[in-house]
Amino acid sequence: MPPTSYTIAVRTLCEFSARTGDLDLRFALTPSGAEGQTGHATVAARRPAGYQTEISLTGTHETVRVRGRADGYDPVRHRLEEIKTHRGNPAAIPQNQRALHWAQARIYAHLLCEKLQTPAIEIALVYFDIATQNETVLTESRTAEDLRDFFQTACDRFQAWANSEIAHRAARDRALAALRFPYDAFRPGQRQLATAVYRAVRDGKCLMAQAPTGIGKTMATLFAALKAAPGRLDNVFFLCAKTAGRQLAIEALARLRQAHPGLPLRIVELQARDRACVHPDKACHGGSCPLARGFYDRLPAAREAALQEPAWDAPAVRRLAQAHEICPYFLSQELARWSDVAIGDYHYYFDHHGMLHGMAQANQWRTAILVDEAHNLLERGRRMASAELALSDVRRVRRAVPRPLRRRFTAIAAAWRKTASAAAPSGASAAPASPRHTQAANGGAYIALPEPPPAIVQAVEQAVAAIAEYLATLGRVDADDEKSLLQFYFDALRWLRVAEQRDADWVVDLMEQRGVQPRGQALCIRNVVPAPWLAPRFATAHAVVLFSATLSPGRFYADMLGVPADTACVDVPPPFDPARLAVRVVGDVSTRYAERRDSLAPIAALMAREYAKRPGNYLCFASSFEYLNALYAQLRDRHPAVPAWIQTAGMSELERGAFLERFQADGQGIGFAVLGGAFGEGIDLPGKRLIGAFIVTLGLPQVGAVNDRMKQCMQERFGPDLGYAYAYLYPGMQKIVQAAGRVIRSESDEGSVYLIDARYARAAVRRLLPAWWRLAPLRAQGGAG
């Protein structure tokens with residue numbers, strides 16, 4: 001049955017109907033979800049016995065059904081409380097934000113009056129500062145009749161949009177129920193993957209799917225999830241680690257539209273802020289950026305206009321934003337509320353303030369999460385759960401901030417000096433709980449710490465409170481300095497959150513920064529196992545599909561990512577004739593760090609010889625830019641007749657495009673790229689655009705103090721036998737298989753992969769290579785082994 005009403009969260013209704021004025025990030029309520037929950041619990045604990053929390057409430061006006069959970073109710077005072085956790089002086093919160101908070105409180109008060117059948121109620125807006133633990137309480141008394149009028153007015157403002165949403169959802173579900181695969185036939189293995197995804201969405205489960213490169217995983221997962229959506233899903237989130245994955249999803253959905261003209265499917269692409277921002281030199285508030293000024297006043301017209309667009313990809317959002325003179329980045333976030341498919345980076349769902357996760361929770365959406373190239377979620381999950389504070393940033397911002405704030409930054413630097421001095425080696429042997437001083441992999445000094453230094457934590461907390469207080473009083477700061485101050489403020493908040501949440505799955509260290517002026521240290525809180533961080537995100541989705549060409553060993557990814565215990569697994573066999581991929585193991589060359597100089601000449605000779613046998617396009621992958629540059633120089637010096645081009649550090653998108661353009665079907669040469677980098681996965685060079693890959697080394701993470709400490713942490717968590725494999729071997733072999741996957745992209749492709757390192761002879765290493773690979777020995781300087 002098509003829906004006859006539209007269900008909306010209290011917060012979303014208020015943001016739609018009551019939000020006006022400027023966009024202003026200076027006064028955003030900054031606590032994370034965990035901190036907000038803690039703050040609410042603290043407030044509730046101060047209330048008398050009988051105080052009620054998280055009261056589930058619903059109400060209806062015409063076709064609008066509103067639901068939510070009120071923060072608190074004191075039956076003795078007959079007072080409903082709306083609690084807002086924050087940092088800084090609440091008196092300076094802009095009126096448009098305060099009006100939004102009052103709107104939420106009044107809607108909840110109406111719903112509670114209806115539930116209790118009471119003629120009046122007291123309403124309290126409670127601002128709780130999580131830094132000072134102070135409450136600021138604003139109260140008003142309202143009759144049930146006043147509150148009913150307020151509720152109905154808000155619903156009336158949303159009514160036309162609600163009717164449009166009801167009609168859209170019904171049309172969408174009819175179209176998706178009749179959805180057909182947009183090609184004449186599935187590729188081999190593609191149907192098996194699509195079937196597994198459909199069942200996972202249908203049954204509300206988590207699925208880990210390993211499927212070979214080139215079978216069309218993006219189309220298979222999107223098609224199956226959308227086919228299963230009617231009556232089960234509110235939306236689909238397609239999450240990627242890289243731009244290439246996002247583009248493949250957009251192209252797959254465009255193909256579905258082409259096969260089904262008029263398909264009523266709203267698709268939004270979420271770009272990173274630095275790419276979407278029109279005025280990167282300005283701060284995000286109306287006093288600085290013209291696109292933030294009056295943002296919420298112009299948003300409704302832009303939202304209406306968006307309904308006439310077939311898709312909300314980045315160019316379309318940019319056009320809409322330009323036409324209505326608002327920020328394209330925040331317009332895309334608003335459109336995500338009304339989309340059927342949202343395509344964006346992992347962090348939109350898995351990070352501290354994951355916007356898509358927050359929306360899904362607030363609106364109680366039933367969502368399918370499709371995680372593209374899911375092996376990347378391990379390292380990205382670690383980064384999202386980690387934080388770094390740089391002494392160079394403290395010094396830089398201190399020079400630019402107004403005098404009232406300067407002493408707070410001086411206090412951080414002073415606490416830092418004391419910590420570093422106390423942690424430095426004194427010549428005596430350190431006790432087990434003492435800091436450990438050694439060398440990091442990059443040669444910089446590394447000091448392992450048992451916990452975030454309390455003196456630095458306290459100094460940073462005081463600086464954050466002072467910044468919030470200063471901004472709350474509308475202190476004057478130059479535009480550039482203000483941006484720098486705000487960036488430090490948000491970075492410091494993140495660092496404090498991670499410092500508070502860390503446990504045995506995190507390590508803490510001080511490490512010297514190289515290439516930073518002025519030279520200094522970074523205080524890092526590094527996550528090692530992101531499973532506890534990611535698991536709650538999996539639990540709140542209706543269904544999750546993690547898919548990749550490399551999700552092996554399955555136990556490793558299950559342990560590290562924290563997938564549910566009943567997660568289904570599918571391993572799709574390759575559709576290709578194994579004979580189409582010649583895998584040569586070059587075992588007479590050692591690429592260990594100490595022997596790399598001796599490896600250059602034989603590897604260059606090998607590449608030149610194999611290229612001469614079959615001229616065409618090849619990729620050479622090495623584990624670092626240093627090694628890559630040395631191999632490239634060796635080939636150019638010793639074998640100048642072989643065309644070659646190389647990836648450089650910090651390539652722009654335009655430069656990456658030019659690098660790939662060299663791989664033409666009629667082209668010849670060897671492109672040099674870093675293993676695990678921009679060209680190690682997610683690129684598609686079918687047919688003769690790429691006929692071979694030289695993979696130099698095992699791709700193991702660099703041995704050093706940081707990785708060794710992570711290995712120790714994993715040994716303690718998973719047992720001594722798995723520490724090395726989890727820290728070094730498995731992540732390295734994942735890069736190898738991904739790089740090799742660039743060669744065979746379809747059933748008609750054929751090519752060669754050269755695995756260059758003596759360690760490929762080890763059984764433990766070979767077990768991690770795809771079972772269908774047919775390995776043959778080859779000598780670097782003598783042909784077949």
Between F238 and Y348, does a ring-ring contact (aromatic ring centres under 6.0 Å, His included) hold up when you go through it step by step?
CA-CA 10 Å; F238 190 96; Y348 283 106; over 10 Å; no
Practice item. Go through L23 and I326 one step at a time and tell me if the side-chain contact (heavy atoms from CB on, under 4.5 Å) criterion holds. Key: CA-CA 10 Å; L23 174 70; I326 60 176; over 6 Å; no
Between the CG atom in D146 and the CD1 atom in I121, the distance rounded to the nearest 0.5 Å is 13.0 Å
Closest non-hydrogen atoms of V563 and L546, given as atom of the first, atom of the second and distance, are CG1-CD1, 3.5 Å
Checklist entry - Any chance CD of Q361 has more than 12 other-residue heavy atoms, nucleotides or ligands included, within less than 6.0 Å? => result yes
- request: Test side-chain contact (heavy atoms from CB on, under 4.5 Å) on W365 and H542 and set out the steps.
  value: CA-CA 8 Å; W365 287 337; H542 171 77; over 6 Å; no
Minimal heavy-atom distance between F538 and G562, with the atoms involved, is CD1-O, 3.6 Å
Smallest heavy-atom separation, R106 atom then L147 atom, equals O-CD2, 3.7 Å
Review point. Just wondering, do P452 and I456 contact through their side chains at under 4.5 Å, heavy atoms?
Key: no
Looking only at heavy atoms, the pair that brings Y108 and G68 closest together is CE2-C, 3.8 Å
Could you list the donor-acceptor pairs under 3.5 angstrom formed by side chains in residues 148-157, with sequence neighbours left out?
unit_1, atom_1, unit_2, atom_2, d
T153, OG1, D149, O, 2.8
D156, OD1, H61, NE2, 2.9
R157, NH1, S17, O, 3.0

Report task. Hey, can you tell me if Y127 and H86 have their rings parallel, tilted or perpendicular (30° and 60° cut-offs)? Result -> perpendicular
Check: N96/T20 side-chain N/O donor and acceptor closer than 3.5 Å: no
Can a donor-acceptor pair be found between the side chains of E269 and S332 at a distance below 3.5 Å?
no
Item to check | Any L125 side-chain heavy atom under 4.5 Å of V137 side chain | outcome: no
### Task
Walk me through it: do H78 and T118 pass the test side-chain hydrogen bond (donor to acceptor under 3.5 Å, both in side chains)?
CA-CA 10 Å; H78 191 40; T118 185; 3.0 Å; yes
Item to complete: Look at E135 together with R46 and state whether they make a salt bridge at an N to O cut-off of under 4.0 Å.
Response: yes
Closest heavy-atom pair, S5 versus R65, reported as atoms and distance to 0.1 Å, is OG-CB, 4.4 Å
Here the gap from L331 atom CG to L299 atom CG, rounded to the nearest 0.5 Å, amounts to 6.5 Å
* Tell me, do C240 and V371 make a side-chain contact under 4.5 Å, heavy atoms counted? -> no
>> Atom CZ of residue position R199 - does it have more than 12 heavy atoms of other residues, nucleotides or ligands inside 6.0 Å?
In response: no
query: Do D491 and Q487 have side-chain atoms, one donor and one acceptor, less than 3.5 Å apart?
result: yes
Can you give the donor-acceptor pairs under 3.5 Å from side chains of residues 338-346 to other protein atoms, not counting sequence neighbours?
unit_1, atom_1, unit_2, atom_2, d
W338, NE1, E334, OE2, 3.0
S339, OG, A336, O, 3.0
D340, OD1, H168, NE2, 3.3
D340, OD1, R172, NH1, 3.0
D340, OD2, H168, NE2, 2.8
D340, OD2, R266, N, 2.8
D345, OD1, R380, NH1, 3.2
D345, OD1, R380, NH2, 3.1
D345, OD2, H347, N, 2.9
D345, OD2, H347, ND1, 2.8
D345, OD2, R380, NH2, 2.4
Y346, OH, D372, O, 2.5
Y346, OH, E373, O, 2.8

Open item on the list: Looking at R77, I want to see if its CZ is surrounded by more than 12 non-hydrogen atoms of other residues, nucleotides or ligands under 6.0 Å.
Closed with: no
Query raised in the report: Parallel, tilted or perpendicular: which fits the ring planes of Y6 and F158, with parallel below 30° and perpendicular above 60°?
Result: tilted
For atom CZ of R69, decide whether the heavy atoms of other residues, nucleotides or ligands shown that lie under 6.0 angstrom number more than 12.
no
T540-H357 side chain donor-acceptor pair, cut-off 3.5 Å: yes
Q) When you check the gap from the basic side-chain N to the acidic O, do E81 and R47 get nearer than 4.0 Å? A) yes
Under a 4.0 Å threshold between the charged nitrogen and the carboxylate oxygen, would R169 count as salt-bridged to D234?
yes
CG (L239) and OH (Y349) are apart, to the nearest 0.5 Å, by 8.5 Å
CG (L485) and OH (Y489) are apart, to the nearest 0.5 Å, by 10.0 Å
Sequence neighbours excluded, the answer for ring pair (Phe, Tyr, Trp, His ring centres under 6.0 Å) partners of F409 is F488
| field | Worked check of salt bridge (Lys or Arg N to Asp or Glu O under 4.0 Å) between E500 and R497 | value | CA-CA 5 Å; E500 182 180 353; R497 290 186 192 112; over 6 Å; no
Please determine whether salt bridge (Lys or Arg N to Asp or Glu O under 4.0 Å) holds for the pair R337 and E15, giving the CA-CA distance in whole Å, both sets of side-chain angles, and the decisive distance to 0.1 Å. CA-CA 11 Å; R337 296 180 185 276; E15 289 177 341; 2.5 Å; yes
Output for pair (D559 CG, L378 CG), nearest 0.5 Å, gives 11.0 Å
In terms of heavy-atom contacts, A105 and L80 come closest through O-CD2, 3.6 Å
Would R494 and D351 satisfy salt bridge (Lys or Arg N to Asp or Glu O under 4.0 Å), going step by step from the backbone distance to the final call? CA-CA 11 Å; R494 179 186 183 88; D351 203 3; 3.4 Å; yes
